[in-house]
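Structure first, then comments.
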Number of protein chains: 2
Amino acid sequence: MSQSTVDQLTAALGAAQVAVDDASRNARRHDYWMVSHVRDLVGTPADKPLCVVRPRNVEDVQATLRIANATGTPVVPFGLGSGVVGGVIPGAKAILLDMGAMARTRFIDETNLLASFDAGRMGLSAEEEVATHGLTIGHWPQSVAISTVGGWVATRASGQFSSAYGNIEDIIYSIEAVLPTGELVTLGRGPRAAAGPDLRHILMGSEGSLGVITGVTFSLRRAAEARALSCFEAPTMQGGFDLQRTIIQAGWRPPVVRQYDERESRRLDARAKACLILMVHEGPAALVAVETQAVAALAEAAGIAAAPTDIVSNWLGHRNHVPGWDELTSRNIVADTVEISATWDKIGLVYADAVKSLAEVPGLLAGSAHSSHVYRSGLNLYFTFAVMTDGPAAMEAIYMDCWRRILEATDTNGGSLAHHHGVGRVRRDWLPRELGDGGVALLRTIKAAVDPNGIMNPGALLPDA
Amino acid sequence: MSQSTVDQLTAALGAAQVAVDDASRNARRHDYWMVSHVRDLVGTPADKPLCVVRPRNVEDVQATLRIANATGTPVVPFGLGSGVVGGVIPGAKAILLDMGAMARTRFIDETNLLASFDAGRMGLSAEEEVATHGLTIGHWPQSVAISTVGGWVATRASGQFSSAYGNIEDIIYSIEAVLPTGELVTLGRGPRAAAGPDLRHILMGSEGSLGVITGVTFSLRRAAEARALSCFEAPTMQGGFDLQRTIIQAGWRPPVVRQYDERESRRLDARAKACLILMVHEGPAALVAVETQAVAALAEAAGIAAAPTDIVSNWLGHRNHVPGWDELTSRNIVADTVEISATWDKIGLVYADAVKSLAEVPGLLAGSAHSSHVYRSGLNLYFTFAVMTDGPAAMEAIYMDCWRRILEATDTNGGSLAHHHGVGRVRRDWLPRELGDGGVALLRTIKAAVDPNGIMNPGALLPDA
């Protein structure tokens with residue numbers, strides 16, 4: 001059966017597009033989830049996929065899904081493998097669909113500020129190309145150089161400039177995708193529509209479970225005329241949260257607003273004594289000028305001191321460093337980040353409860369957080385934990401315990417359990433708390449209808465029934 | 001069977017909630033679609049619904065849907081009946097679910113800028129209540145005083161201040177709904193989530209076809225500190241479109257930006273000689289000041305003259321007048337508005353093609369347009385047509401012909417065929433052009449899965465299979 005599937009794929013796409021060698025399959029056994037890395041270390045590695053298919057175009061994706069659907073073979077889409085929640089663990093029976101060969105620019109439209117790419121295009125490469133036209137996608141996840149534009153859509157990603165430019169759902173113009181039955185859809189036509197439910201949102205956040213995203217068209221911005229930096233140091237996290245709330249609810253929208261707790265502030269800059277707040281202002285020069293002044297006045301009124309803006313420029317220069325897990329596991333450290341969101345009245349409680357709970361973990365080296373995305377209704381928090389262990393064998397249980405503590409603190413305070421990394425496997429059993437049983441049932445109903453044979457990325461996103 | 005359904009409803013909800021009298025049923029045979037009004041005039045009126053159910057709470061809605069689902073009885077949700085695309089024509093076999101008795105304020109939260117209402121709450125009443133707290137929903141459809149907050153969600157509505165405050169999808173925090181099987185879901189938790197597809201978008205624009213929206217929570221704004229008005233007069237529509245594009249793509253976001261063609265400009269103000277552009281600026285005073293100056297400078301650079309701002313204040317004062325169809329049909333006039341959107345490079349062509357095509361209609365009194373919602377990628381147009389006829393018997397065919405001309409002009413130029421009124425019945429056969437056959441098939445798949453017995457608002461939104 002499996003060999004027959006590979007044969008059918010090879011016949012349909014050509015041998016060059018269907019890799020069965022160990023190296024190709026080994027390299028795509030999982031994404032960048034730390035647990036998968038730990039399992040490799042302890043000798044319980046994820047299985048190699050059945051094969052790695054590298055589609056050249058939409059027709060190759062359609063042919064692959066038709067064969068998979070007819071044979072009941074799982075299909076797991078793969079961008080650049082930078083996901084950190086275990087969305088990609090294909091297993092031995094699955095086709096790993098590596099989108100890396102679909103990376104073309106389809107068009108760049110300077111009049112309508114649109115740019116369209118194959119889904120496998122690396123994010124920074126897309127951004128750099130539109131930048132040569134004086135434009136910007138404005139989507140800057142930390143993974144911008146190791147993720148694809150299709151991956152951004154599949155995971156409902158957020159970028160560092162989101163507070164003015166929005167998250168991926170605010171930047172997407174249209175999405176092209178192949179459904180599990182092989183049908184091609186292009187969703188999104190015109191600047192805005194009221195033509196039934198906005199089906200682009202079925203695909204955004206679908207994590208490979210409802211189809212394969214093959215093309216992405218962005219609604220761009222012109223490169224900002226001016227940029228300015230602000231930095232402040234709040235005596236307490238709550239004081240900083242209150243200032244952020246005042247600024248945003250007054251109607252100011254700096255693209256970057258980040259607030260670090262004491263531990264992370266010291267890591268960011270040795271001069272820090274309390275909670276640093278970093279801001280980047282962008283836009284027309286006159287707007288940037290009044291926003292910078294207004295923010296400074298609001299901080300002063302709140303008794304929050306200014307801090308050197310070279311802290312912000314340093315952050316801008318180094319913001320996309322992603323640590324390798326080997327650096328940590330080789331020192332017997334297990335670590336991760338966990339991003340959540342909550343309303344203003346609860347975000348301080350989420351922070352305090354989570355940090356307090358993490359402090360109970362034996363061997364804890366760090367349990368800290370910063371905020372990085374601000375909304376009228378509240379804020380995200382991006383927790384970091386690091387724990388010294390006795391070695392890899394102990395890591396997975398400690399890792400899951402730290403996650404549980406942060407998500408419990410969030411859930412108890414009514415927050416959202418997933419801000420921008422997605423669900424994958426690490427959060428799937430928490431999904432009923434996020435969506436309610438009714439919401440999970442609705443998602444299952446849609447999944448079963450769109451993917452009747454259950455071929456798309458089984459095991460990710462949805463909890464076992 | 002039908003009597004049995006009414007009996008079951010009466011037993012479950014109480015007789016006071018289940019009206020079978022002629023007056024109640026007659027008043028809810030249809031919404032404000034002109035064609036339904038014309039059919040009344042020519043003696044082919046829509047049938048009265050089987051009964052009118054007025055739920056008091058979520059449990060009443062659940063009980064109604066469970067009975068309807070078990071008996072295969074159609075259910076048509078009804079807010080205040082101001083829809084203009086024929087979304088509500090229940091027919092003789094359907095339960096008309098009048099949400100008017102579910103109109104409570106659930107909470108207003110000044111810290112997190114949230115306000116929650118029963119879905120049947122009239123929009124202006126909700127806005128006026130939050131205004132007493134110094135807050136605003138910021139959603140101002142022309143129908144604000146004759147539509148419900150649930151109706152705004154069901155139709156994917158837009159308000160007049162959308163260019164800064166967004167359309168309904170940008171203002172919604174969470175949605176509570178009862179699915180056709182009676183299951184209650186609350187979708188939306190926390191300021192932002194990446195926890196699978198954003199299922200709120202299944203309900204926004206669903207037009208009663210996927211469930212009954214029972215509660216709506218808005219993400220509010222604080223009332224703006226300052227407001228200023230700008231007015232300009234562009235020699236041509238294209239010149240005005242170019243100015244709007246320059247302003248928005250430079251990063252300015254006046255909440256209101258409207259541009260009227262010559263005919264509509266003269267109707268707006270007798271002094272007008274060309275195309276008026278009206279703007280309202282809102283926000284922090286310093287922001288309003290620099291935006292107003294910047295917009296004036298951009299207009300001057302484009303050779304577009306300023307016009308008196310009392311034109312804008314007059315518009316603000318009279319903007320929500322909705323004409324009665326009787327005023328027109330009694331003079332043998334058939335008329336309507338048609339709203340579409342298109343990218344910047346095509347919006348001038350859509351305008352020219354539609355106006356030219358309408359001019360071929362015998363008896364045309366007016367074929368004009370204004371824009372009212374601006375995006376980075378393009379603009380909407382809101383066409384108005386009015387035709388002198390020989391009398392009501394001729395009206396429906398002429399009406400459909402005018403619609404066809406405007407939608408053909410839009411489709412030919414790649415625009416979106418429905419900006420903010422929705423699909424209902426007037427656009428349902430155009431849906432494949434908007435979504436593609438694959439998009440319509442995907443929507444049908446979701447509909448069939450969520451509403452397996454097809455009880456929710458049959459005949460609206462989706463074309464016949």
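In this text the structure is predicted, and so the values were computed from the model without any measurement. Naming convention: chains lettered A, B, ... in sequence-line order (proteins, then strands); numbering from 1 in each chain.
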In terms of heavy-atom proximity below 4.5 Å to chain A, should B:Leu114 be classed as side chain, backbone, both, or neither? side chain
Specify the closest pair of heavy atoms between A:Ser219 and B:Ser377, including all atoms of both residues, with the distance to one decimal. OG-CB, 4.5 Å
So does A:Arg433 get a backbone contact from the side chain of B:Arg189, meaning a donor-acceptor N/O pair under 3.5 Å? yes
Of all heavy-atom pairs linking A:Pro284 and B:Ala250, the shortest is CG-O, 3.2 Å
Can you say whether B:Arg245 sits under 4.5 Å from chain A via the side chain, the backbone, both, or neither, judging by heavy atoms? side chain
Given heavy-atom pairs under 4.5 angstrom as the criterion, report whether the side chain, backbone, both or neither of B:Asp411 touches chain A. both
Check B:Thr111 against A:Trp344 and note the closest heavy-atom contact, atom names and distance. O-CD1, 3.8 Å
Side chain / backbone / both / neither for B:Ala286 at chain A, heavy atoms under 4.5 Å: both
With a 4.5 angstrom heavy-atom cut-off, could you sort out which part of B:Ala157 is near chain A: side chain, backbone, both or neither? backbone
Can you tell me if A:Arg376 uses its side chain to pair, donor with acceptor, with the backbone of B:Leu220 under 3.5 Å? yes
Contacts under 3.5 angstrom, residues 436-452 of chain A side chains, donor-acceptor by atom type, not counting sequence neighbours:
{"residue": "A:Arg444", "atom": "NH1", "partner": "A:Pro463", "partner atom": "O", "Å": "3.0"}
{"residue": "A:Arg444", "atom": "NH2", "partner": "A:Pro463", "partner atom": "O", "Å": "3.0"}
{"residue": "A:Thr445", "atom": "OG1", "partner": "A:Ala441", "partner atom": "O", "Å": "2.9"}
{"residue": "A:Lys447", "atom": "NZ", "partner": "A:Ser209", "partner atom": "O", "Å": "2.7"}
{"residue": "A:Lys447", "atom": "NZ", "partner": "A:Asp451", "partner atom": "OD2", "Å": "2.7"}
{"residue": "A:Lys447", "atom": "NZ", "partner": "A:Met456", "partner atom": "O", "Å": "2.8"}
{"residue": "A:Asp451", "atom": "OD1", "partner": "A:Gly454", "partner atom": "N", "Å": "3.3"}
{"residue": "A:Asp451", "atom": "OD1", "partner": "A:Ile455", "partner atom": "N", "Å": "3.0"}
{"residue": "A:Asp451", "atom": "OD2", "partner": "A:Ile455", "partner atom": "N", "Å": "3.1"}
{"residue": "A:Asp451", "atom": "OD2", "partner": "A:Met456", "partner atom": "N", "Å": "2.9"}

With a 4.5 Å cut-off on side-chain heavy atoms, are B:Pro197 and A:Leu461 touching? yes
Quick one: what part of A:Ala195 sits under 4.5 Å from any heavy atom of chain B, side chain, backbone, both or neither? both
Looking at every non-hydrogen atom in both residues, tell me the closest pair between B:His421 and A:Ala194 and how far apart they are. N-CB, 4.4 Å
Sort out for me which of A:Asp170, A:Leu113, A:Ile340 touches chain B most, counting heavy-atom pairs under 4.5 Å. A:Leu113
Minimal heavy-atom distance between B:Gly251 and A:Leu287, with the atoms involved, is O-CD2, 4.3 Å
Between A:Asp109, A:Val290, A:Leu431, A:Asn112, which residue shows the highest count of heavy-atom pairs closer than 4.5 Å to chain B? A:Asn112
Is B:Arg427 in contact with chain A via its backbone, its side chain, both, or neither, using a 4.5 Å heavy-atom distance? neither
Between A:Ser206, A:Ala193, A:Ala342, A:Gly190, which shows the greatest number of heavy-atom pairs under 4.5 Å with chain B? A:Ala193
Grab the two heavy atoms, one from A:Asp198 and one from B:Arg156, that are nearest each other, plus how far apart they are. CB-NH1, 3.7 Å
Among B:Ala154, B:Gly422, B:Gly283, B:Gly424, who wins on heavy-atom pairs under 4.5 Å with chain A? B:Gly422
Min side-chain heavy-atom separation A:Glu110-B:Gln249 under 4.5 Å: no
Would A:Leu435 and B:Thr186 count as a side chain to side chain contact (heavy atoms under 4.5 Å, CB included) if you check the C-alpha gap in whole Å, the side-chain angles of each, and the deciding distance to 0.1 Å? CA-CA 7 Å; A:Leu435 302 182; B:Thr186 301; over 6 Å; no
Is chain A contacted by the side chain of B:Ala294, its backbone, both, or neither, given a heavy-atom distance below 4.5 Å? neither
With chain B, which of A:Val185, A:Leu199, A:Thr155 has the greatest number of heavy-atom pairs at distances under 4.5 Å? A:Leu199
Among B:Gly378, B:Gly196, B:Ala164, B:Ala289, single out the residue with the greatest number of heavy-atom pairs under 4.5 Å to chain A. B:Gly196
Quick check for you: among A:His373, A:Arg253, A:Arg200, which has the greatest number of heavy-atom pairs under 4.5 Å with chain B? A:Arg253
Is it the backbone or the side chain of B:Glu434 that comes under 4.5 Å from a heavy atom of chain A, or both, or neither? both
Looking at B:Glu183, B:Glu291, B:Glu169, B:Glu225, which has the largest count of heavy-atom pairs under 4.5 Å with chain A? B:Glu169
Please identify, among A:Arg221, A:Met204, A:Glu207, A:Glu282, the residue contributing the most non-hydrogen atom pairs under 4.5 Å to chain B. A:Arg221
Check the side chains of B:Ser158 and A:Arg192 for a donor-acceptor pair under 3.5 angstrom, ignoring hydrogens and angles. yes
Side chain, backbone, both or neither: which part of B:Leu379 has a heavy atom under 4.5 Å from chain A? backbone
